[in-house]
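Beneath this line is the structure, given in structure tokens, with notes to follow.
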Amino acid sequence: MITIIKGKEPEKWTEYVDTPGVNEYSPIPELRAALLKDQGNICAYCMRYIPVTKKDPGENETSKIEHIRSREHNKDLSLKYENMVICCPGYINSSAHCDKSKKSTEISFSPLDPGVQRSISYGMYDGKIKSSNGFWDDDINKIICLNNPLLKQNRGQTLEGVRNALSKTKFRAQDLKQKLDEWSQPDKEGKLRPYCGIVIWYLEKKLKSLAAQK
């Protein structure tokens, strides 16, 4: 996971929330589009790419608007933009994860909290994600199920591709920094690279190791 930095709440959503008599959550296309932009088109939890058709984003069934703190148990937060992120459909190899496995269960962390990303590490070869915070780690494994075998495989393969490319340049600091910029920043279309979290973690760790050797 990487820290999500929320952009400005879309005006259309503000208008909807401020409409007299409105107290029920009902997604609109502008809300979905804004969340996708905030996250560079990757899932808030597993970092899979969320494809978007050229049709109205509100009709797109490849994504789900997720309430970090469930609206079933937190009615006062059901319309709050800062409580919403966007997730992938939540199935991979018929196994539920992310919003689909979380359902209305409360989790002990927020992907908006920078401390979460700082707590995360990965298995360099098997792609396993782990938090140094025991409560968060339990939620990662048992509630949003991010160590699904195929998710681990996809993260591991993503990192392997980057490491193979860097091995040709002998892991020079300047190349590591260039890669870190590429994987940390959205492209010209505003999209982040799928599974970028594991690559960012690896490159930052590698750069710290090189700096310590000087």
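We count residues from 1, following the sequence as given.
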Search all heavy atoms of Ser26 against all heavy atoms of Tyr16 and return the closest pair with its distance.
-> CB-OH, 3.3 Å
Determine the minimum heavy-atom distance between Ile198 and Gly127, stating which atoms define it.
-> CD1-CA, 4.1 Å
Hey, is the main chain of [Y] close enough, under 3.5 Å, to the side chain of [X] for a donor-acceptor pair?
X: Arg32; Y: Ser63; result: yes
X: Ser101; Y: Ile143; result: yes
X: Thr169; Y: Leu166; result: yes
X: Lys37; Y: Gly7; result: no
X: Gln39; Y: Ile86; result: yes
X: Trp13; Y: Leu79; result: yes
X: Ser95; Y: Tyr91; result: no
X: Lys6; Y: Tyr81; result: yes
X: Thr158; Y: Asn154; result: yes
X: Ser78; Y: Arg71; result: no

Can you spot which of Ile4, Ile50, Ile2 makes a side-chain contact (heavy atoms from CB on, under 4.5 Å) with Ile42?
-> Ile2
Quick one: does [X]'s side chain get under 4.5 Å of [Y]'s, heavy atoms only?
X: Tyr202; Y: Met124; value: yes
X: Ile140; Y: Ile129; value: yes
X: Glu30; Y: Glu11; value: no
X: His73; Y: Ser104; value: yes
X: Leu210; Y: Leu176; value: yes
X: Met1; Y: Ile120; value: yes
X: Leu207; Y: Leu180; value: yes
X: Asn74; Y: Lys80; value: no

Return the [atom1] to [atom2] distance between [X] and [Y], rounded to the nearest 0.5 Å.
X: Gln185; Y: Arg193; atom1: CD; atom2: CZ; value: 11.5 Å
X: Leu151; Y: Ile92; atom1: CG; atom2: CD1; value: 4.5 Å
X: His97; Y: Cys88; atom1: NE2; atom2: SG; value: 4.5 Å
X: Tyr49; Y: Cys43; atom1: OH; atom2: SG; value: 13.5 Å
X: Arg48; Y: Leu150; atom1: CZ; atom2: CG; value: 8.0 Å
X: Met47; Y: Leu192; atom1: CE; atom2: CG; value: 10.5 Å

Any chance the side chains of Glu66 and Tyr45 put a donor and an acceptor closer than 3.5 Å?
-> yes
Answer yes if the side chains of Asn133 and Ser119 hold a donor-acceptor pair under 3.5 Å, and no otherwise.
-> no
Flag the pair Glu189 and Lys191 as a salt bridge only when some basic side-chain nitrogen lies within less than 4.0 angstrom of an acidic carboxylate oxygen.
-> yes
Show me, pair by pair, the donor-acceptor contacts under 3.5 angstrom made by side chains of residues 108-115, not counting sequence neighbours?
{"residue": "Ser108", "atom": "OG", "partner": "Asp139", "partner atom": "OD2", "Å": "2.6"}
{"residue": "Ser110", "atom": "OG", "partner": "Leu112", "partner atom": "N", "Å": "3.0"}
{"residue": "Asp113", "atom": "OD1", "partner": "Gly115", "partner atom": "N", "Å": "2.8"}

Would a hydrophobic clustering, with Ile, Leu, Val, Met, Phe, Trp and Tyr connected at side-chain separations under 4.5 Å, put Leu146 with Val199?
-> yes
Are Val22 and Met84 connected in the hydrophobic side-chain network, where two residues link if heavy atoms are under 4.5 Å apart?
-> yes
Using the salt bridge (Lys or Arg N to Asp or Glu O under 4.0 Å) rule, collect all pairs that involve residues 151-176, keeping only residues at least two apart or in two chains.
-> Arg172-Asp175
Between Phe171 and Lys206, is there a cation-pi geometry (under 6.0 Å to ring centre, at most 45° from the normal)?
-> yes
Go through the steps for Leu31 and Ile65 under the test side chain to side chain contact (heavy atoms under 4.5 Å, CB included), then give the verdict.
-> CA-CA 9 Å; Leu31 175 61; Ile65 294 176; 3.8 Å; yes
Can you name the residues that form a ring pair (Phe, Tyr, Trp, His ring centres under 6.0 Å) with Tyr25, not counting sequence neighbours?
-> His67
